[in-house]
A.B. asks: 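I'd like to ask some things about the structure below.
Just follow the structure's listing: the first ligand is 1, and inside any ligand the first atom is 1.
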Amino acid sequence: MKNRKDIIINHQFENKYKSGYPLLHKEAINNLGDLKQEGTILRLTNEKGEFLGIGFYGLQNKGYGWVLTRKESEEINKEFFQRKISKAIENRASFYQSTDTTAFRVFNGEGDGIGGLTIDYYDGFYVISWYSQGIYTFKEDIIAALKEVVSYKGIYQKKRFSTDGKYIEEDDFVTGDRGEFPIIVKENGVNFAVYLNEGAMVGFFLDQRDVRKTIRDKYAKGRKVLNTFSYTGAFSVFAALGGATKTTSVDLANRSLGKTIEQFSVNELDYEAHDIKVMDVFKYFKYAEKKGLSFDMMILDPPSFARSKKMTFSVAKDYKNLLKEAIGITSKSGIIVASTNYSGMNMNKFKGFIDAAFKESGEKYELLEEYTLPDDFRTTNTFREGDYLKVVFVKKM
Ligand code: SAH
């Protein structure tokens, strides 16, 4: 049996939860001291004792837990999870039907009604990600619910939370076939090698699907492309397939070299015709400037925060400078694809950075198009910050 606690919501926040806001903030809880064990079911009331909702205690960098229902009689059990997962799957019917794209998000946390839980689909395999110890305490019911609503080759899981500051590394395998990795999935007809058994990352960020397609279909042709923070080179592969004259991928991590070669190879592209550099992006900019290199397409997709031996990077502090460096080596009429998944900044503020970077560089630009999360990454109107992705295509004039 799960622990249960009554939680009193501070009157200042009452209306927020009444209108469906799902995240439990520390400041909103009057009796914080009562929260002891993650996974405890919380019954929320206002200061007068009137019912507001039912949720659970789960610590994430975002908050203290999530509201699951505003129906007082609704039980949080296997049937509850089954209803949520079934509904989520119904919403992805068109994705399941596609033969062109075989990797997508099936369940997107609070956007599908359960904060801290995501489920991704990779050609018959499912990967469950748990973002707090709290949601992980429901694992038996959630896995049982998933098994009842889908047919699967295998199920894997990723624990994206830490206990005592340490990430628990266990076998990620849950049930079914173990699969032989990499498995090759498709995205808009392009092959991608994914590993479900290699820790937190599978090698592929599903949320950039529409951006990759746009790069391939509308912008890459005839362009010389620089892909910074390239990871496994997904943007480079799409650019190359779209007819880029050459791509250069730059990432600090040693593993990025072999992984990028692999992604080119599974698409029968000659990786030797492209450059793959294991290098700090900011060093690369200096090098490119010194050599007088310039590019007519520039992709910027840094992590929200990064720490290397010599420096730290944070989107909030450094994105404008990153843009200025990029603008400096982008040719006239070149395209800059500026992306961030930092949830602490909205689209307007992000566009403000872009504007400031061009102004300070003494250059003009034209805004071409912008992207947020794709349809399978469902978000809810009651939690706008859940739509964390911001991608802007601009043309240097
Ligand atoms: N654009 C990628 C995802 C980027 S993930 C894609 O589409 O798949 C962020 C990457 O930035 C990581 O691979 C990390 O190794 C790299 N990185 C972080 N700091 C860096 C730096 N200063 N220079 C180069 N790469 C960096």
Side-chain angles (χ1 to χ4, degrees), residues 103 105 120 122 160 182 185 187-188 190-195 198-216 219-220 225-242 244 247-264 266-267 274-288 295 297-326 329 336-343 371 373-374 377 388-393:
R105 178 148 294 187
D120 293 325
Y122 296 95
R160 309 288 295 263
V185 299
E187 181 186 273
N188 291 308
V190 177
N191 289 332
F192 232 87
V194 301
Y195 295 80
E198 282 193 351
M201 305 296 209
V202 306
F204 196 30
F205 291 98
L206 298 172
D207 54 4
Q208 297 274 16
R209 177 188 312 114
D210 297 345
V211 177
R212 285 188 283 264
K213 183 174 183 333
T214 302
I215 287 173
R216 180 191 64 185
Y219 297 105
V225 178
L226 178 64
N227 179 13
T228 61
F229 308 92
S230 57
Y231 187 45
T232 61
F235 287 125
S236 306
V237 167
F238 273 72
L241 291 168
T247 70
T248 300
S249 306
V250 183
D251 196 291
L252 197 58
N254 285 322
R255 59 164 193 235
S256 65
L257 175 62
K259 294 278 187 194
T260 304
I261 290 174
E262 179 178 41
Q263 303 306 359
F264 273 93
V266 296
N267 286 290
H274 297 266
D275 274 346
I276 306 168
K277 307 252 183 216
V278 176
M279 198 170 180
D280 186 297
V281 162
F282 292 93
K283 269 206 193 123
Y284 184 81
F285 282 133
K286 295 275 167 297
Y287 160 86
F295 295 87
M297 178 158 202
M298 183 76 69
I299 299 162
L300 307 173
D301 182 30
S304 298
F305 300 96
R307 196 191 294 269
S308 69
K309 271 173 233 139
K310 293 212 185 85
M311 57 171 293
T312 59
F313 174 89
S314 88
V315 163
K317 173 169 72 62
D318 302 309
Y319 209 108
K320 196 178 74 184
N321 281 334
L322 175 65
L323 279 159
K324 284 164 80 173
E325 300 267 13
I329 57 165
I336 296 178
V337 183
S339 167
T340 181
N341 56 14
Y342 178 50
S343 58
Y371 288 84
L373 285 174
F377 282 67
Y388 57 81
L389 186 69
K390 290 145 296 258
V391 184
V392 181
F393 284 64

A.B. asks: Given Pro303, Ser249, Ser230, identify the one with the heavy atom nearest to atom 9 (C) of ligand 1.
C.D. replies: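 Going through Pro303, Ser249, Ser230 one by one, Pro303 has the nearest heavy atom to atom 9 (C) of ligand 1.
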A.B. asks: Would Phe305 and Phe313 count as a ring-ring contact (aromatic ring centres under 6.0 Å, His included) if you check the C-alpha gap in whole Å, the side-chain angles of each, and the deciding distance to 0.1 Å?
C.D. replies: CA-CA 6 Å; Phe305 300 96; Phe313 174 89; 8.9 Å; no
A.B. asks: Should the ring pair Tyr388 and Phe377 be called parallel, tilted or perpendicular, given that the plane angle runs from 0 to 90° and is split at 30 and 60?
C.D. replies: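 The rings of Tyr388 and Phe377 stand perpendicular, inter-plane angle above 60°.
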A.B. asks: Using ring centroids (six-membered ring only for Trp), state whether Phe238 and Phe235 fall under 6.0 Å.
C.D. replies: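 No, the ring centres sit 6.0 Å or more apart.
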A.B. asks: Which residue and non-hydrogen atom of the protein lie closest to atom 5 (S) of ligand 1, and at what distance in Å?
C.D. replies: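 Ranked first by proximity to atom 5 (S) of ligand 1 is Phe205 CE1, 4.0 Å.
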A.B. asks: Suppose I only count heavy atoms of Arg255 and a 4.0 Å limit; which atoms of ligand 1 are within that range?
C.D. replies: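 Heavy-atom distances to Arg255 below 4.0 Å select 13 (O), 15 (O).
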A.B. asks: Tell me which protein heavy atom sits closest to atom 7 (O) of ligand 1, plus the residue, atom name and distance to 0.1 Å.
C.D. replies: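 Among all protein heavy atoms, the one nearest atom 7 (O) of ligand 1 is Phe235 CE1, 3.3 Å.
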A.B. asks: Which one of Asn227, Asp207, Val211, Asp251 has a non-hydrogen atom at the shortest distance from atom 13 (O) of ligand 1?
C.D. replies: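 Looking at heavy atoms only, the winner is Asp251.
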A.B. asks: Is it the side chain (CB and beyond), the backbone, both or neither of Phe313 that lies under 4.0 Å from ligand 1, heavy atoms counted?
C.D. replies: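 Looking at Phe313 and ligand 1, no heavy atom falls under 4.0 Å.
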A.B. asks: Run through Asp207, Thr214, Ile215 and flag the one making a side-chain contact (heavy atoms from CB on, under 4.5 Å) with Val211.
C.D. replies: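 The side-chain contact (heavy atoms from CB on, under 4.5 Å) with Val211 is passed solely by Ile215 among Asp207, Thr214, Ile215.
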A.B. asks: Which protein non-hydrogen atom lies closest to atom 1 (N) of ligand 1, naming both residue and atom, and how far is it?
C.D. replies: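 The protein heavy atom lying closest is Asp301 OD2, 2.7 Å.
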A.B. asks: Do the rings of Tyr284 and Tyr287 sit parallel, tilted or perpendicular, given the 30° and 60° boundaries?
C.D. replies: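 Geometry flag for Tyr287 against Tyr284: tilted rings.
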A.B. asks: Could you check whether Tyr231 and Phe204 have their ring centres less than 6.0 Å apart?
C.D. replies: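 Ring centroids of Phe204 and Tyr231 are no less than 6.0 Å from each other.
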A.B. asks: My understanding is that we take every heavy atom of each candidate and find the minimum distance to atom 23 (N) of ligand 1. Doing that for Leu300, Val281, Asn254, Thr228, which one comes out nearest?
C.D. replies: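 Closest candidate by heavy-atom distance is Val281.
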A.B. asks: Can you report which non-hydrogen protein atom sits closest to atom 8 (O) of ligand 1, along with the distance?
C.D. replies: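 Going by distance alone, atom 8 (O) of ligand 1 is nearest to Tyr231 CD2, 3.4 Å.
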A.B. asks: Considering the options Lys213, Arg212, Arg216, which one meets the salt bridge (Lys or Arg N to Asp or Glu O under 4.0 Å) requirement together with Glu187?
C.D. replies: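 Checked Lys213, Arg212, Arg216 against Glu187; only one passes salt bridge (Lys or Arg N to Asp or Glu O under 4.0 Å): Arg212.
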A.B. asks: If you count the atoms of ligand 1 from 1 in the order shown, which ones are under 4.0 Å from a heavy atom of Met279?
C.D. replies: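 Counting atoms of ligand 1 from 1, those under 4.0 Å from Met279 are 23 (N), 24 (C).
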A.B. asks: Just so I know, are the side chains of His274 and Thr248 near enough to count as touching, which here means a heavy-atom distance under 4.5 Å?
C.D. replies: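 In short, these two side chains do not touch, never coming nearer than 4.5 Å.
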A.B. asks: Has Lys283 got any heavy atom lying under 4.0 angstrom from an atom of ligand 1?
C.D. replies: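 The answer is no, since Lys283 has no heavy atom less than 4.0 Å from ligand 1.
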A.B. asks: Note the single closest protein heavy atom to atom 19 (N) of ligand 1, along with its residue, its atom name and the distance in Å.
C.D. replies: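 For atom 19 (N) of ligand 1, the nearest protein heavy atom comes out as Ala306 CB, 3.7 Å.
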A.B. asks: Show the atoms of ligand 1 that are less than 4.0 angstrom away from any heavy atom in Asp280.
C.D. replies: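 Near Asp280, the atoms of ligand 1 are 22 (N), 23 (N).
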A.B. asks: So which heavy atom on Val185 is nearest to which on Ala103, and how close?
C.D. replies: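 Heavy atoms of Val185 and Ala103 come nearest at CG2-CB, 3.9 Å.
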A.B. asks: Would you mind checking which non-hydrogen protein atom is closest to atom 25 (N) of ligand 1, with the distance to 0.1 Å?
C.D. replies: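 Nearest protein contact, heavy atoms only, for atom 25 (N) of ligand 1 is Leu252 N, 3.1 Å.
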A.B. asks: Please state which part of Phe229 comes within less than 4.0 Å of ligand 1, counting heavy atoms only: side chain, backbone, both or neither.
C.D. replies: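 The answer is both, backbone and side chain.
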A.B. asks: Can you see whether Tyr319 has Lys324 sitting over its ring - NZ or CZ less than 6.0 Å from the centre and within 45° of the normal?
C.D. replies: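 Geometry flag: not set, cation outside 6.0 Å or 45°.
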